[in-house]
Amino acid sequence: MTSSLGPTKPAVWFLTGSQELYGPAALAQVEDDSRELVARLNQTGLVADVIWQPVLASKQAIRGLLARAQADPACVGLITWMHTFSPAKMWLAGLDEVRLPLLHLHTQMADELPWATIDMDFMNLHQSAHGDREFAFATARLGLRRKIVAGSVRDRRVTDRINSWMRAAIGRADLRDSSLVRFGDNMRDVAVTDGDKVEAERVFGTSVQAFGVTELADAVTSVTSSEAANLAAEYEQLYAMAPELRSGGERHAALVYGARQEIALRGFLQAHQAVAFTTNFEDLAGLRQLPGLAVQRLMAQGYGFGAEGDWKTALLVRLAKVMGRGQVGGASLMEDYTYNLVPGEELTLGAHMLEICPSLTSARPALEIHPLSIGAREDPVRLVFTADPGPGLVAGLADMGDRFRLTVNTIELIEPPQPLPCLPVARAVWRPQPDFYTGVECWLEAGAPHHTCLTTALGLAEFEDYAAMTGLELAPITSGTTVASFQRQLRWEDSYYRLNRARL
Ligand code: MN
C-alpha cells in the first residue's frame with residue numbers, strides 16, 4: 001500500500017556553544033568532541049538526522065546560524081549543548097527570533113571523571129554543568145518553550161527521550177505545511193467537533209478548507225471501470241472477503257463502488273496536497289455509499305480522518321500517523337461508543353459507524369457489507385476487525401474558546417471478554433487509566449470530545465512534546481491521576497492561558 005507520508009528523513013541541527021576565551025586549541029577540542037557526540041547520536045537509530053554545525057562563539061555567528069536553521073525547510077528542530085561556558089547574552093537575540101522546536105541537551109563528553117588525573121585543563125573544557133545553566137537561564141528568561149534532556153548520550157533513556165521529541169518535531173513540521181480537506185461542513189448542532197479554523201491555522205499551521213461534496217461525487221463517477229475493478233481485485237487478495245462481495249458475487253458492484261471511492265478520494269487529496277480530510281453523513285450529495293472502506297484504507301496509508309466534519313480529530317490522526325511512523329502499532333479515528341458497566345468489569349467499547357483504521361490490528365480484517373441506519377444511502381462496504389490488545393492512548397482536541405485543549409488518556413486495550421458476532425464494524429475494547437471511573441470522570445471534567453485519535457504506536461511523551469512545541473494545553477490522564485488533582489490542574493491551566501494570552 002502506498003504511503004502519504006513524505007519520503008525524506010528530516011534533519012535536526014546540533015548547535016554547540018562555547019566562547020573565544022579559551023583559545024584556538026580548546027575550541028578545536030570542543031569541535032572534535034561535538035562532532036563525535038553527533039556521530040554517537042546518529043548511531044543510535046534516531047528518526048531524524050542530527051546535523052553538526054560549527055561551534056558557536058559569538059553573537060553574530062549565533063544569530064546567523066539560527067536564522068539559517070529557521071529558513072531551511074528540511075530543519076525540523078534544534079539541539080543545543082554548551083560544552084564549555086558560553087556567555088548567554090550572546091544567545092539572547094538569536095534565540096528570541098527562533099520559532100523552531102528546541103531541545104536543550106545537558107550532557108558531557110566523558111561519562112566518568114578522571115579522578116586520578118583531573119586538573120584545571122579538564123575542568124575548563126568539560127563545563128556543561130555550569131555552561132548549560134547559563135544557557136538555561138537565557139531560555140527561561142525569554143520564556144522559550146523547550147525540552148530539556150539531561151544525561152549521557154550512551155544512556156538509552158536519554159536517546160529515547162530525544163527520539164520522542166524528534167517524532168513530535170517531525171509531526172509539527174508536517175502539520176505546519178499542511179492542508180485538510182472537508183467535504184461539507186460539521187454535523188449540524190454538534191459543538192465539540194467545531195472550532196476556530198483561523199486559530200488552527202496559527203497554532204497547527206493546517207489550512208482547513210471546505211469543498212462541496214458534489215466535487216467528490218463527480219470524481220467518483222470519473223474513475224474508470226478498469227481502475228476500480230483492479231483495486232477491487234486487490235481487496236480480494238488482502239482481506240477475508242464476504243462471498244457476496246467477491247467477483248461474481250451478488251453484491252460485487254457495491255465493492256467496486258467502494259474502490260471507486262478510494263481512488264477518487266485519494267486523487268482529490270493528492271490534487272489539493274491535503275494530508276487529512278473529513279466527511280459528513282448528513283451531506284453525501286450523489287455519493288451512493290457513506291465512504292467506509294475507502295476512509296479506512298486512506299487512514300492506513302497515513303491520511304488523517306475525522307467523521308461528521310471533525311477536522312480537529314482528522315488533524316490529530318494525521319499527527320499520530322507522522323509521529324508514529326515506523327513504530328509497531330497504529331492510529332485511528334475512534335469514538336467512545338458504549339460501556340460495559342458491570343462493577344469490577346468496567347470497559348469502554350470504541351468504534352464508529354464504519355471508519356476505524358486497520359493499522360490497529362495485526363490480523364487480517366474481514367471485508368463485509370451491512371446496512372447503515374443513518375445517511376439514507378446504499379449499504380456501505382467496510383473492514384471489520386478487533387484492535388490488538390496492548391498499551392495505547394486516546395487523544396482528543398477541544399476548542400476552549402481561547403485555546404485548544406489536548407486531553408490524553410493512557411489506556412490498556414484488551415481482547416473483548418466475549419466474541420462480538422453481530423457487531424458489523426471494527427472496534428476496540430479498553431480499560432482507561434488509572435481506572436475506569438477516574439479516567440472517564442477526568443475526561444468529562446476536561447470537556448474532552450467523544451471523537452478521539454486512538455494510537456498504539458506512541459506514548460504520552462510525543463504528545464507532551466508536541467503540546468509544548470505548539471502551546472497547546474495538555475491535560476494528561478494517566479496512571480497517577482486523581483480527579484481532585486486533575487480538577488486543580490485544569491483550573492491552573494485556565495489561569496495560565498488567560499494570563500499568558502499575549503505571548504502564546
Ligand atoms: Mn462520530
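Indexing begins at 1, ligand by ligand and atom by atom, following the structure's order.
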Trainee: Looking at Asp494 and Arg403, is any side-chain nitrogen of the basic one under 4.0 Å from a carboxylate oxygen of the acidic one?
Mentor: yes
Trainee: Work out which heavy atom in Gly258 is nearest to a heavy atom in Ala294; give both atom names and the distance.
Mentor: O-CB, 4.1 Å
Trainee: Hey, is the Mn ion (ligand 1) within less than 2.8 Å of some N/O/S atom on Asp310?
Mentor: no
Trainee: Determine whether the side chains of Tyr437 and Glu346 contain a donor N or O and an acceptor N or O closer than 3.5 Å.
Mentor: yes
Trainee: Could you identify the N, O or S atom of His451 positioned closest to the Mn ion (ligand 1)?
Mentor: NE2
Trainee: Measuring centre to centre across the rings, with the benzene-like ring taken for any Trp, is His450 within less than 6.0 Å of Tyr337?
Mentor: no
Trainee: With carbon and hydrogen excluded and only N/O/S kept, which atom of Glu308 is nearest the Mn ion (ligand 1)?
Mentor: OE1
Trainee: Closer than 2.8 Å to the Mn ion (ligand 1): does that hold for any N, O or S atom in His352?
Mentor: yes
